[in-house]
Trainee: 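The structure follows.
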Number of protein chains: 2
Amino acid sequence: MRKNPERRTALVDAAIEVLAREGARGLTFRAVDVEAGVPAGTASNYFASRDDLFTQAGGRIYERLQPDAPTMAKAADGAYDRATLTELMYELVGRIAAFRTGYLALLELRLEATRRPELRAVLTERVRADIDANLSNHGESRMPGDATSVLLLYLALNWLIVEQLTLPEIFTEREVRDLVAAAVERALPATPCPPAPAGVPAPGPGR
Amino acid sequence: MRKNPERRTALVDAAIEVLAREGARGLTFRAVDVEAGVPAGTASNYFASRDDLFTQAGGRIYERLQPDAPTMAKAADGAYDRATLTELMYELVGRIAAFRTGYLALLELRLEATRRPELRAVLTERVRADIDANLSNHGESRMPGDATSVLLLYLALNWLIVEQLTLPEIFTEREVRDLVAAAVERALPATPCPPAPAGVPAPGPGR
DNA sequence: ACTGTAGTACTACAGATGGAGTGGTGTCAA
DNA sequence: TTGACACCACTCCATCTGTAGTACTACAGT
């Protein structure tokens, strides 16, 4: 088992590309070698098994997907209002969709996790950490919305990204933007009303 | 190219199982033969190519996923209020998650659509039809909520199902139920307020 | 009842690809 | 010199596609 860390990272990153392009079943030692531009057999020396490749790729994707310095800064510095939150979510979708191969690889890994308990454990831990991080980030910032808002946004935006990456013709760019805005808008708990026009008690479907 | 329609259907259904279990790359003529319990070579006689297999499977899944007589009836007959809608959505999530292999196969196909234009065209058409059907069903029924509500529910619930099927330990059954309820609750446009307590102008994050 | 024919089920094979794993050799630096 | 790694080569193995060829079944015409 070789140690060289740069090489190892390069190989894992190559594995992500292969995953996105060829699918989980296409992730082989040889394919990684080719993608990374190293001699055949190299990946064999760096990973104990294919399982190992999968789990390392799973870990690495979150490493690359999670942190995002400039956005984090904006999240911390910006105003804590709905408009800023919308802007942030819009950036989030754009940013993740931009790392197309990473997200597609992640989907492949999720499906592969169906078959590989070890991978499932790794992904479960990462996803849980991701969600928890979102929750506590949101809690610490003073953005509007509660924990439920965060979870609902998580759900809706994830599928929105799936839709964009796999069947881009379903929603236009405009529709995507509108959906992000609507998701933020409605994910927030009902806000107290602006002062009602007049004595009209405003019926409508009460909760 | 053989014609026997029962056999063809059986083969396509077998293909769906294979997709869910082995992934897109594992969908081969031989694997379909084995899954369907027919002699080797049979699938070769029924499908012009692997592409053909994929597109036929894509069509068939929606055939099996879409219609659902009892639920449709409930949607039409039930009361048109939020509680009924919630119940309906809960059933929807349960029902789709129950056809586990079908939904997983669909995800595999979405990823494969990334590589096969023909398959992408088929899926795009089906998904669009699905969304349109949801929109118009909702419009015709007199359920609360607007088109945006339907789309947001579509997004959130889809990912919720993905989460359940691929990493079931992330959300407990209870959390899933709560998330479905919250999704319905908040997907609906903000309702007019109940009469405010007193002259307090209700500040909070204005839009 | 006989037979020809068409459609289909089943079998077998040719040809080819691609991958896992491993051992061996070259190279460089401590 | 020794150890760690890069690189290369080779063997063994599993699988797939596409197609050709054979066997079965049903039916129609006579």
Side-chain angles (χ1 to χ4, degrees), chain A residues 1-58 60 105 108-109 111-112 114-119, chain B residues 1-58 60 105 108-109 111-112 114-119:
Chain A
M1 185 85 73
R2 304 300 150 80
K3 301 287 175 192
N4 184 332
E6 292 88 23
R7 204 153 236 247
R8 161 159 266 123
T9 307
L11 287 170
V12 178
D13 283 338
I16 292 173
E17 298 303 310
V18 172
L19 267 173
R21 203 180 51 242
E22 316 268 356
R25 195 116 161 186
L27 182 63
T28 66
F29 288 137
R30 288 297 190 273
V32 172
D33 290 337
V34 173
E35 175 70 27
V38 297
T42 303
S44 287
N45 290 329
Y46 274 84
F47 304 95
S49 64
R50 254 180 103 225
D51 250 294
D52 196 21
L53 241 185
F54 276 107
T55 54
Q56 291 204 34
R60 173 83 177 139
E108 293 282 358
L109 285 176
L111 288 170
E112 190 67 16
T114 280
R115 297 154 214 143
R116 291 176 193 270
E118 200 180 334
L119 176 59
Chain B
M1 187 85 73
R2 304 302 150 80
K3 302 285 175 195
N4 184 334
E6 291 88 22
R7 205 153 233 248
R8 161 159 267 128
T9 307
L11 287 171
V12 177
D13 283 339
I16 292 173
E17 299 303 311
V18 172
L19 267 174
R21 205 179 52 240
E22 317 267 357
R25 192 115 161 190
L27 182 63
T28 66
F29 288 137
R30 288 297 189 275
V32 171
D33 290 338
V34 172
E35 175 70 27
V38 298
T42 303
S44 286
N45 289 328
Y46 275 84
F47 303 94
S49 63
R50 254 181 103 226
D51 252 292
D52 195 22
L53 239 184
F54 276 107
T55 54
Q56 291 203 33
R60 173 84 177 136
E108 293 282 358
L109 286 175
L111 287 170
E112 190 66 16
T114 280
R115 299 154 214 142
R116 293 177 192 271
E118 199 180 333
L119 176 59

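The sequence lines fix the lettering, A, B, ..., with proteins before strands; numbering per chain opens at 1.
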Trainee: What are the two closest heavy atoms between A/Arg25 and A/Arg50, and how far apart are they?
Mentor: O-NH2, 3.6 Å
Trainee: Look at B/Tyr46 and C/dA9 and indicate whether a side-chain polar atom (N or O) is within less than 4.0 Å of OP1 or OP2.
Mentor: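 Yes, such a contact exists.
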Trainee: Can you tell me how far P of C/dG7 sits from CZ of B/Arg8, to the nearest Å?
Mentor: 15 Å
Trainee: Does A/Ser44 place a side-chain N or O at less than 4.0 Å from the phosphate oxygens OP1/OP2 of C/dG21?
Mentor: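 No, because none of the side-chain N or O atoms of A/Ser44 sits under 4.0 Å from OP1 or OP2 of C/dG21.
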Trainee: Please report the distance, rounded to the nearest Å, between CZ in A/Phe29 and P in D/dC10.
Mentor: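 A/Phe29 atom CZ is separated from D/dC10 atom P by 22 Å.
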Trainee: Is A/Asp52 close to A/Glu118 at the side-chain level, that is, under 4.5 Å between some pair of heavy atoms?
Mentor: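 A/Glu118 does not reach A/Asp52 side chain to side chain.
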Trainee: Just call it for A/Ala31: base, sugar-phosphate, or nothing, with non-hydrogen atoms closer than 4.0 Å on any strand.
Mentor: nothing
Trainee: Look at A/Arg7 and D/dC5 and indicate whether a side-chain polar atom (N or O) is within less than 4.0 Å of OP1 or OP2.
Mentor: no
Trainee: Does B/Arg60 reach the side chain of B/Arg8, with side-chain heavy atoms less than 4.5 Å apart?
Mentor: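 No, every pair of side-chain atoms sits at 4.5 Å or beyond.
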Trainee: With a 4.5 Å limit on heavy-atom distance, are the side chains of A/Leu19 and A/Phe54 in contact?
Mentor: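 Yes - at least one pair of side-chain heavy atoms lies under 4.5 Å apart.
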Trainee: May I ask you to verify if any side-chain N or O of A/Asn4 is less than 4.0 angstrom from the OP1 or OP2 atom of D/dA6?
Mentor: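 Checking D/dA6 against A/Asn4, a side-chain N or O does come within under 4.0 Å of OP1 or OP2.
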Trainee: Mapping B/Asn45 and B/Arg25 to their closest nucleotides on DNA chain C, which lands nearer the 5' end?
Mentor: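 Result: B/Asn45.
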Trainee: To the nearest Å, give me how far apart CZ (A/Arg50) and C1' (C/dG21) are.
Mentor: 14 Å
Trainee: What's the closest nucleotide to the side chain of B/Thr28 if the choices are D/dC16, D/dG18, C/dC10?
Mentor: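 When the side chain of B/Thr28 is considered, D/dC16 is the closest of D/dC16, D/dG18, C/dC10.
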Trainee: Check if the side chain of A/Arg30 and the base of C/dG21 share a donor-acceptor pair of N or O atoms closer than 3.5 Å.
Mentor: yes
